[in-house]
Structure formats: structure tokens, C-alpha cells
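Everything below concerns the one structure shown next.
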Amino acid sequence: MNNKKPEDLILVIFGATGDLARRKLIPSLFALETLDLLPEKFAIIGTGRTKLGDKDFRKSMKNAIQEFSKEKDLSRLDAFLGKLFYQTADPAVTEDYQAFGLYLETLFQQLGIEKNNTIFYLSTPPSLYDIIPKGLAIAGLSKENKGWKRLIIEKPFGYDLASAKKLNAGLKKNWQEHQLYRIDHYLGKETVQNVLVTRFSNGIFEPLWNRNYIHHVEITSAEVFGVGKRGGYYEASGALRDMVQNHLLQLVGLIAMEPPASADADAIRNESVKVLQSLRPISKKEVGSMAIRGQYLGSKMKGKQVKGYREEVGVDPASKTETFAALKFFVDNWRWGGVPFYIRTGKHLPTRVTEAVIHFKPTPHHLFARKGSCDNCNQLIIRIQPDEGMLIRFAMKTPGAGFDLENVSMDFHYSDLSHDRIPGAYERLLLDCMAGDPTLYARIDAVLAAWKFIAPIQSAWKNNPKIPVYGYPAGTWGPDVADRLIEEPELTWRHPCSALTSDDNFCTL
Ligand code: BG6
């Protein structure tokens, strides 16, 4: 993490009383305060339709920090809360932006901040992503005449290819690309960034990182919880838009990309976008067999009855929205020609885990008899969360007469690095935006390439009633039919978790 303090600035959070701000943004900013990484002169203005004063906002954010922050040291809590302000404003009312601009100007003066560097964070429903930037621009708040202005836009950036293009075109009327920070919080995860370091600063992996040695690549992002109170949002989203179009495809970009010419933002983003542009389109005819969708059914999870998706608050009782998606696809380029990529994600799966597994090809000749299939024997597992780390699996001789083999693991856990804590994704990304570093933010060409790839799936799932939404009991690994995506008989998805600890939501590497 960049450990230099950014220039003085004010951060404005639209939707400051919402879930994301309470759970992630404010606790992450507090973590930066604790690490002494916030600018010398700094303020956070929460804004939204809710009528609140500074005092009430501070109280509510104090509760949020107490509930969601991982910081044990709360000695700087009061100092941090003193940097919070609240201004009621209705995003739909043009005059409110003028008034907001005046308020902002006054606060800059009060704090003695010379340049009016400002970050506007859109933590609102996506329907406001075009309205707020326009309102800010009309009030002159996008102009970089006396300091920079940056806009952080939460996902989803559009709900399909056409709407993403339209949203972007609208933004570009008033904002320039260097001002736009499209957030994909997976890119801020320490272990996701470590994919780049593992690949490009070790000599041993890169020579093997291609179709000659890799059999297939598998990525799983499983969540133990259902949609909870987010049924309303999720109905219009589903797993494909919520997780695949952004987080999982960004991960594919990093795993599959060519070595960048340098470590700067453009060089890295240039290479990862090429991967997304090389994804072989899944034709409408293929969707039924290459893209599996599922929906969780009411069931007992760890002894507790949980609701089926259709019984959740805000969900249509006849909903066809998928809470599970599994895809098989190919990256059509020289490095990956013919190597299948399998990705899956779902809610109410047995545990919370995100990992990428590189399955290497078996030896061309099996010199030693094996008890099971050899195909699974060499795997590199990159564990994104939890128990962040890496593991290599390979065959060893079991002691004694003969040549009996066993698969063993060599593992590294981030938790063994006692000197450092793993910064949360939002900490890293907020700090990067303050420092003007967009490397870990999604560039528009990547966002559009990802929408383009999933467009035929979206369309077939919407329009072809013959493609089933398979039910799966909550607490299982999704519909059985997803297993058949991996066509070779001895192969299957890796079922992570060598062991579950007492915390059922903590799957060890
Ligand atoms: C969000 C999705 O982007 O990512 C959520 O909207 C999902 O539905 C979340 O739960 C998963 O993030 P993480 O960091 O917990 O893996």
C-alpha cells in the first residue's frame, strides 16, 4: 500500500447513510486514520435525502465503526468522527447542487485547504449514476480549475452493454476519463494483486503459464449468506451481473494476461483488457450447456432452516433471477488456445471462499501406478479469501516398499506474515483514488468488454424459457448440472476447505 499521505482533500459520499458506507467505506476510512494515512487536512461530507445534522451523522457512523470495523485500537475514533460532516441534499433537485457547492467551498475555507481537491463517491442506487455527476457538473463541481475533482462510481456500471455505453457517454459529457474511477472492490483485495506479483516476479511460474502446461483454470467465489435484505436490488441483478460481469471477469483478466511492459496503470490495464476482448463469445445456442444458472431453495444450513430465494423480502415469488452461475469459456489467443476456464459463484453455498485454481496437465506417461486419477495432482491454488494464501499440490511417494503415491500440499498463508495486517480492499482503493492512481480501478474498455461477453448469456437467460433455472438446496455447491460443465469424467470442481474452523464461515486453505 502506498504509504505517503495524499494531498489535502474533501471526500463527499453520496448515499452516506446506506449499507455500503456503513459496512465498508466509513470503517475503511477509519482504518486509514488509525494508520495515519489520511491527508493532513481532510473531511468527509456525507450527503443524501435523509435529514440529519453533523451530530447525528457522527453518532450513526460511530455505531457503524463499532459494529463493522476490524480495528482494535479506537483511540483515534473521536478525532476521526470530528472530520465527519453531513449535508442534506436531494440528488434530483438542481438547486441543491448549487447550495452544496457553496457549503463545500465554505468547508474548504474553514479547514484551510488551499486547493479544492474533491472526491465524490457514488454509493447510491445505480439509477442515480448519471443524475448526480450531471448535477455536480452543472454546479461547476467537476471543473479542475483550483484542484482536482474525481468521481468514484460503484458497480454495477450499467445493467447491460447498451446501458453501460449510454452511462459512459453521459458521464463523458461533463467529466474526463482521468477523473472517473469505476470501482471493482475485488481489484483492491491484497491477494488479487498478488496474482500479478506471483506471476511476474517469480521465474518459475511464467514458463508454465500457458496452454502447453495448463489443463484448465477454475475460479470459485462462494458465499454462505443468501441475499438477506438486498432482495430488491438482487432481483434486478442476479449472480451474472452482480459477480461475474465484474469481480470474476476482472480476476480472469489478471490470471490470463500477458506480462505488462511496466507496472503503471495503463500498461497493466492494457493487458488485462486484451484478455476480456479475447473471450470467445458463447453463442445463444451454447448458453444452455456452457452457462448454468441456479437459485437456492429453502433448506437446513448447519441445522438452521433458511428461506428459499423466492421467499426472501423484495423477491418475486415466481422469480427466475439466478443466485448461482457457472460458466465454461475459452480465451482465444496464443497463450490460452484450447484451455477451458470454469468460473462459478453463488449465494447460500456451503462456505465463504474465493479462490482460483490452476490445474496443470498430467505427465505424458504414468510411470507409477496411481490409486486415483493423476489429473488433479498438480494444482496451484490462489486463495483470495478467507485464509488468504497460496498452495501447491503435487504427488509424493508414500514411505515404504513400492511406489505408492499421495498428493501433498505446500502452502503459504498470509496470516504467517506476522509483521503486517492485510488491508481491506476499500482502504486500498480509497487511498489509491486520493493519490490519483487508477491502476486498480476498472477502465471503460474492460467494463464494456465484460458486458459484451455476457450479453448473449443475459439475452438467452431472459428470452429462452427452455433454459432452466436449476434449484439447489441452500448449503450445497449449486445445482448438480454445474458439475457436468467440466466434461472429463474424473474431473470435478475443487471442493475447497481442507478444514472448517469453529467459525463455519471460515474455510481454511
Ligand atoms: C458485491 C456484491 O459486489 O460483492 C455482493 O454486490 C457480494 O452481492 C459481494 O456479496 C462479495 O464481496 P466479498 O468482498 O465479500 O467477496
Side-chain angles (χ1 to χ4, degrees), residues 15 18-25 27-28 31 68 70 121-126 129 152-159 181-195 219-252 254 293-296 306 309 312-315 321-325 343-356 382-388 414 422-430 440-442 447 450-451 454 474 478 496 503-507:
D19 220 38
L20 180 72
R22 290 175 51 76
R23 282 173 183 271
K24 300 285 182 190
L25 305 183
S28 302
F68 299 112
K70 296 201 175 83
Y121 197 121
L122 305 191
S123 169
T124 62
Y129 291 176
I152 304 185
I153 307 154
E154 259 300 329
K155 64 157 263 275
F157 193 88
Y159 50 89
Y181 286 70
R182 299 172 196 84
I183 201 162
D184 184 318
H185 79 276
Y186 264 51
L187 292 175
K189 289 183 191 275
E190 193 63 27
T191 26
V192 171
Q193 295 151 46
N194 196 39
V195 171
I219 299 175
T220 292
S221 182
E223 292 183 81
V224 83
F225 293 113
V227 294
K229 292 181 193 150
R230 294 171 78 219
Y233 154 79
Y234 203 82
E235 271 291 87
S237 169
L240 193 65
R241 287 192 182 111
D242 189 47
M243 293 292 291
V244 175
Q245 185 273 339
N246 33 72
H247 306 327
L248 294 194
L249 288 181
Q250 289 290 346
L251 207 47
V252 170
L254 296 183
R293 56 176 166 172
Q295 197 182 66
Y296 61 80
V306 301
Y309 176 68
E312 301 277 18
V313 179
V315 172
T321 303
E322 76 287 353
T323 59
F324 174 94
I343 62 180
R344 66 176 169 167
T345 181
K347 302 242 181 236
H348 264 337
L349 299 188
T351 187
R352 173 175 181 252
V353 66
T354 301
E355 63 179 28
I382 304 171
R383 175 58 79 82
I384 311 292
Q385 63 189 20
D387 195 11
E388 292 82 354
Y414 265 84
I422 302 182
Y426 279 94
E427 281 171 52
R428 168 70 199 254
L429 292 170
L430 282 163
L440 300 176
Y441 283 83
V447 175
W451 279 123
I454 70 157
D503 175 357
D504 287 343
N505 194 17
F506 192 87
C507 165

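Order of listing sets the numbers, starting from 1, for every ligand and every atom in it. Residue indices begin at 1 and follow the sequence shown.
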Of all residues at least two apart in sequence or in a different chain, which pass the salt bridge (charged side-chain N to carboxylate O under 4.0 Å, His left out) check with R22? E67
Can you name the salt bridge (charged side-chain N to carboxylate O under 4.0 Å, His left out) partners of R182, sequence neighbours left out? E177
Identify, with sequence neighbours excluded, every residue that meets salt bridge (charged side-chain N to carboxylate O under 4.0 Å, His left out) alongside E235. none
Might you point out which heavy atoms bring P386 and R352 nearest each other, and give the distance in Å? CD-O, 3.1 Å
Those protein residues which place at least one heavy atom below 4.0 Å from ligand 1: K155, H185, Y186, K189, E223, R230, Y233, D242, M243, H247, K347, R352, Q385
Could you tell me whether E223 and K347 make a salt bridge, using a distance below 4.0 angstrom between a side-chain N and a carboxylate O? yes
Is it true that Y414 and D387 share a donor-acceptor pair across their side chains at a distance under 3.5 Å? no
